[in-house]
Amino acid sequence: MRFHVLTLFPQMILDGMNTSITGRAIEGGLMSVEAINIRDYADNKHMKVDDYPYGGGAGLVMQAAPVCAAYDALTEKIGKRPRVVYMTPQGHTFNQQMAKDFAKEENLVLLCGHYEGIDERALELIVTDYVSIGDYVLTGGELPAMVVIDAVSRLVPGVLHNDESAETESFENGLLEYPQYTRPVEFRGMRVPDVLLSGHHGNVDKWRHEQSLIRTKKYRPDLYDAYMKSSK
Ligand code: 6GU
């Protein structure tokens, strides 16, 4: 899987993605993350890529020309017109289903805005998906793009190793994950639940499922209600 990030801060993307599991996957050739500097496509000698908004108001707007030129250069290079995901608080809220959907793509472009956003005409011309990562405002789309790449990459075959399985986790079955424990059996007077030490797999599975239900009901009543409805 190939990710192409259009950004004014390419180093932020490279620094973020070349670490941990995504870094290992890139190293191993299972995926690639290319950060394309939109500023390299500025058409003026000052390399200016933003300007005041028509109609007035605070802040600056990223101009359409360098964004579209960066996109055109990319599509020319790879000979395809992949999906373009614009990271914006105005988008659909990102979730596990969207991550699964994006993971089917061979190439995925992530467009990161800054300041007050990007000229609407560039968005109309190139964007296929508008995605937010939640109801709060960030200074730019780079962290959201990395969130999307991280969530998608762990669904790419081979990226997670056997002991990092993507299947039994929160959201995979619509419930939050059960609590986990490791050695020692007792820590500051708190013991690991006996059932986990019993070696009885049936009882362990039952306990974990119950714990998932309890947690989901407490912390995510919306998911709990949906789960209860769908399992009727
Ligand atoms: Cl995708 N971008 C920005 N700038 N802020 C956000 C966001 C995206 N998602 C939530 N807040």
Side-chain angles (χ1 to χ4, degrees), residues 1-22 31-42 48-68 70-71 74 81-105 107-156 170-171 176 219-220 222-223:
M1 170 130 200
R2 289 188 280 277
F3 298 96
H4 312 270
V5 185
L6 301 175
T7 171
L8 290 175
F9 299 94
Q11 199 57 47
M12 187 174 171
I13 301 292
L14 297 178
D15 287 345
M17 301 324 292
N18 284 329
T19 309
S20 188
I21 291 176
T22 49
M31 61 182 240
S32 60
V33 178
E34 174 193 28
I36 298 161
N37 192 344
I38 294 169
R39 198 174 298 280
D40 290 345
Y41 295 87
K48 199 168 78 79
V49 293
D50 47 54
D51 210 331
Y52 298 102
Y54 280 120
L60 295 168
V61 176
M62 285 171 65
Q63 291 169 296
V67 171
C68 288
Y71 172 75
L74 171 64
R81 297 191 145 256
R83 275 169 94 167
V84 177
V85 182
Y86 178 43
M87 305 310 309
T88 169
Q90 272 102 51
H92 296 287
T93 308
F94 189 56
N95 61 30
Q96 192 64 26
Q97 188 52 50
M98 289 158 84
K100 281 187 189 176
D101 193 34
F102 290 153
K104 294 176 193 153
E105 305 292 327
N107 289 280
L108 193 65
V109 180
L110 296 123
L111 173 60
C112 304
H114 250 269
Y115 318 113
E116 293 307 305
I118 299 179
D119 188 304
E120 190 69 19
R121 293 166 293 184
L123 304 179
E124 271 182 41
L125 285 169
I126 70 173
V127 172
T128 58
D129 301 81
Y130 292 78
V131 173
S132 164
I133 63 163
D135 292 340
Y136 41 83
V137 180
L138 301 169
T139 56
E142 283 74 17
L143 285 169
M146 288 193 266
V147 166
V148 169
I149 295 170
D150 188 292
V152 172
S153 67
R154 59 189 292 295
L155 302 174
V156 171
S170 294
F171 300 112
L176 302 184
Y219 295 114
R220 292 296 304 273
D222 56 324
L223 294 181

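Fair warning: this is a prediction, and the values are worked out from it, not measured in the lab. Atoms within each ligand, like the ligands themselves, are counted from 1 in listed order.
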Inset, instruction - Examine the proximity of ligand 1 to Pro89 and report which part, side chain or backbone, both or neither, has a heavy atom under 4.0 Å away. - result: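 For Pro89, the contact with ligand 1 is made by both the backbone and the side chain.
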
Inset, instruction - Given side chain to side chain contact (heavy atoms under 4.5 Å, CB included), test Asn107 with Glu105 step by step and report yes or no. - result: CA-CA 5 Å; Asn107 289 280; Glu105 305 292 327; over 6 Å; no

Could you check [atom] against the protein and tell me its nearest heavy-atom contact, residue, atom and distance included?
atom	result
atom 8 (C) of ligand 1	Pro144 CG, 3.5 Å
atom 1 (Cl) of ligand 1	Thr88 N, 3.1 Å
atom 10 (C) of ligand 1	Gly134 O, 3.0 Å
atom 11 (N) of ligand 1	Tyr136 O, 2.5 Å
atom 4 (N) of ligand 1	Leu138 O, 3.3 Å

Inset, instruction - Return the orientation label for the Phe94 and Phe102 ring planes: parallel under 30°, perpendicular over 60°, tilted otherwise. - result: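 It falls in the parallel class, under 30°.
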
Legend entry - Over 12 foreign heavy atoms within 6.0 Å of CG, Asp222: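 Yes, enclosed.
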
Legend entry - Given Gln97, Lys104, Met98, the one that forms side-chain contact (heavy atoms from CB on, under 4.5 Å) with Lys100: Gln97

Legend entry - Ile133-ligand 1 polar pair, N/O distance under 3.5 Å: yes

Inset, instruction - Would you check if the side chain of Ser132 reaches a backbone N or O of Gln90 as a donor-acceptor pair within less than 3.5 Å? - result: no

Legend entry - Atom indices of ligand 1, in the order listed, that fall short of 4.0 Å to a heavy atom of Val131: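 With Val131 as reference, the close atoms of ligand 1 come out as 1 (Cl).
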
Inset, instruction - Measure across Thr22 and Met17 and return the closest heavy-atom pair with its distance rounded to 0.1 Å. - result: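 Closest pair (atom of Thr22, atom of Met17, distance): OG1-O, 2.9 Å.
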
